[in-house]
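Have a look at the structure below before the remarks.
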Protein chains: 2
Amino acid sequence: MAKVIGILGLGLIGGSLGLDLVRLGYTVVGVSQRIQTCAIACERGAVTVAGTHWALLKAADIVFNCLPMDKVHGSMERLVTLLRPGTVVTDVASVKMPFIESATAIWPWFVGGHPMAGTAHQGITAALPHLFRERPYVLTPIPATNPDSLAQVQHLITALEAQLYTTDPASHDQAVALISHAPVFISAALLLTTQSAPPGIQHLAQQLASSGFADTTRVGGGNPELGLNMALYNRAALLEQLGSYQYVIEKLRENIAQGDGQALETLLKQSQQLRQDYVT
Amino acid sequence: MAKVIGILGLGLIGGSLGLDLVRLGYTVVGVSQRIQTCAIACERGAVTVAGTHWALLKAADIVFNCLPMDKVHGSMERLVTLLRPGTVVTDVASVKMPFIESATAIWPWFVGGHPMAGTAHQGITAALPHLFRERPYVLTPIPATNPDSLAQVQHLITALEAQLYTTDPASHDQAVALISHAPVFISAALLLTTQSAPPGIQHLAQQLASSGFADTTRVGGGNPELGLNMALYNRAALLEQLGSYQYVIEKLRENIAQGDGQALETLLKQSQQLRQDYVT
């Protein structure tokens with residue numbers, strides 16, 4: 001099995017992977033475009049060695065491509081010119097469909113992955129040990145995926161004590177549109193709606209807002225770059241979810257307008273019940 | 001000032017008020033329709049005396065009507081036949097417009113109130129000391145409100161260490177529609193939308209859902225009775241907010257469909273900024 005692990009991109013995810021893999025006894029080679037980030041990663045024990053030259057990754061048996069979603073595709077073309085044939089590459093992007101086919105076509109040892117863990121913070125200074133423990137880590141093989149490469153990534157994910165899920169890229173993208181990407185826009189829309197209220201009402205509402213409003217708006221008030229990438233890269237699945245959502249909101253609005261208490265009670269009881277299937 | 005406080009309805013709010021007022025040295029007379037609830041309130045020290053007979057409230061200088069929103073109006077007509085003239089009555093319903101005028105017309109010493117505190121639990125067993133401390137408590141006087149009655153309620157709210165706000169009933173109802181009632185339906189709609197996905201996607205989404213989905217759906221998966229009362233009693237303000245919300249969601253959906261990254265980035269940055277005005 002792999003002994004040397006490469007990490008391209010030493011942010012929250014890359015840095016956290018490094019902390020765990022160093023602890024597990026692997027040699028970890030980190031690459032960041034900023035030398036300062038490399039220095040912090042070394043100090044924190046998130047890498048064995050680190051530098052700004054991608055050629056360092058040539059030593060790796062497995063490379064985690066932890067660049068942001070909008071950099072994954074472009075970086076693959078450069079990365080594969082530097083690696084030894086047979087080196088496994090896996091990414092951590094939260095949308096899988098746009099890259100899987102092309103990445104596998106240019107590098108037969110590519111395995112799509114999505115660790116579903118994070119914090120509200122970013123960067124190497126936010127990296128945490130055990131970030132992936134008991135969190136879902138999804139792999140999205142396609143028919144062209146090399147089975148041995150897949151097995152090597154699975155082995156590492158198990159070592160991270162993450163919950164391993166394996167599914168096709170399209171199902172992954174639809175599921176995350178439902179539970180992660182649509183909620184960002186549903187929540188952001190609530191924040192944007194506050195601007196429609198008269199200034200006096202906005203001011204009063206700001207004073208009275210409590211934990212319910214804070215929770216409902218948390219993901220919509222998060223990092224704009226993440227939301228933008230969800231919208232641009234998972235567009236089809238997101239549009240489908242938002243279309244279904246608009247239909248439901250309109251139905252609720254009609255029931256409220258008609259004062260149809262029975263229909264509303266049924267729907268609110270359904271909501272309460274449904275949540276138990278998603279939140280344990 | 002008032003020495004004897006009556007509490008009609010010994011649930012989470014009534015029971016918590018009782019715990020604090022007993023501690024502050026008031027004589028607290030509690031009334032519940034269930035004798036078992038009265039017994040628990042006595043045991044927990046949430047009342048000085050309690051019983052099922054409303055006539056007990058005759059001893060009170062101030063009565064907190066803590067019945068659920070759909071019982072407030074009907075209960076006022078019965079309550080005023082039992083009280084001494086001059087007894088202050090205040091309610092705790094989360095919508096003020098429907099009751100204020102009529103309640104003040106039948107009882108000139110009525111003061112509308114809304115303590116904005118709660119937990120996920122209900123009933124006398126969920127009552128907590130200091131529930132109102134540093135939480136907003138809104139009073140909604142109208143021109144016909146008796147100034148001395150208002151001052152007496154303000155005095156008690158200050159003793160509870162709550163944050164006192166005073167506004168007109170219409171502004172209150174619009175503000176809570178924005179930050180509390182609309183979020184319930186926006187959040188419930190997200191839960192209901194999950195049903196539109198194919199069963200396999202629903203199953204995968206249930207396994208992958210994490211804190212973001214949990215937070216966004218918390219208020220929508222809450223007590224259906226509360227949501228129903230919001231829809232029925234704060235209908236006009238809620239419909240206005242949901243109408244504005246539908247407009248915003250449609251604008252976001254169009255920007256996503258057109259792949260307009262610049263417009264989306266602007267809106268997501270606005271959301272992030274707006275949240276800071278509401279959540280500190």
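Keep in mind the model is a prediction, meaning the values are calculated, not measured. A note on names: the letters A, B, ... follow the listed sequences, proteins ahead of strands, and every chain is numbered from 1.
- Shown here for B:Ala188 and A:Leu268, the closest heavy-atom pair between the two residues is CB-CD2, 4.1 Å.
- Across A:Leu264, A:Leu252, A:Val184, A:Leu238, the residue that shares the most heavy-atom pairs under 4.5 angstrom with chain B is A:Leu252.
- Between chain B and the options A:Leu242, A:Val138, A:Val176, A:Val248, heavy-atom pairs under 4.5 Å are most frequent for A:Val248.
- For B:Leu274 against A:Leu191, the heavy-atom pair with the smallest separation is CD1-O, 3.3 Å.
- The two atoms that bring B:Leu178 and A:Ala197 nearest to each other are CD2-CB, 4.1 Å, heavy atoms only.
- The side chain to side chain contact (heavy atoms under 4.5 Å, CB included) check on B:Ala103 picks up B:Met76, B:Phe110, with sequence neighbours excluded.
- Both the backbone and the side chain of A:Leu192 come within contact range of chain B, each with at least one heavy atom under 4.5 Å from a heavy atom of that chain.
- Annotation: side chain to side chain contact (heavy atoms under 4.5 Å, CB included) contacts of B:Leu232 (sequence neighbours excluded): B:Leu228.
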Enumerate, by atom name, each donor-acceptor pair separated by under 3.5 Å where one atom lies in chain B and the other in chain A.
residue, atom, partner, partner atom, Å
B:Ile186, O, A:Tyr245, OH, 2.7
B:Ser211, OG, A:Arg218, NH2, 3.4
B:Ala214, O, A:Arg275, NH2, 2.7
B:Asp215, OD2, A:Arg218, NE, 2.6
B:Asp215, OD2, A:Arg218, NH2, 3.2
B:Thr217, O, A:Arg275, NE, 3.2
B:Thr217, OG1, A:Arg275, NE, 3.0
B:Arg218, NE, A:Asp215, OD2, 2.6
B:Arg218, NH2, A:Ser211, OG, 3.4
B:Arg218, NH2, A:Asp215, OD2, 3.1
B:Arg235, NH1, A:Ala257, O, 3.1
B:Tyr245, OH, A:Ile186, O, 2.7
B:Tyr245, OH, A:Tyr245, OH, 3.3
B:Gln246, OE1, A:Arg253, NE, 3.1
B:Gln246, NE2, A:Glu250, OE1, 2.8
B:Glu250, OE1, A:Gln246, NE2, 2.8
B:Arg253, NE, A:Gln246, OE1, 3.1
B:Ala257, O, A:Arg235, NH1, 3.1
B:Arg275, NE, A:Thr217, O, 3.2
B:Arg275, NE, A:Thr217, OG1, 3.0
B:Arg275, NH2, A:Ala214, O, 2.7

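- Between chain B and the options A:Gly227, A:Ala214, A:Pro198, heavy-atom pairs under 4.5 Å are most frequent for A:Ala214.
- With a 6.0 Å radius and a threshold of 12 heavy atoms from other residues, nucleotides or ligands, A:Met97 has its CE atom at or below the threshold.
- Contact tally against chain A (heavy-atom pairs below 4.5 Å) for B:Leu267, B:Leu190, B:Val219: the top residue is B:Leu190.
- Options A:Ala117, A:Ala236, A:Gly259, A:Ala257 differ in how many heavy-atom pairs under 4.5 Å they form with chain B, and the most are formed by A:Ala257.
- Of the listed residues (A:Gly221, A:Gly261, A:Pro136), the greatest number of heavy-atom pairs within a distance under 4.5 Å of chain B belongs to A:Gly221.
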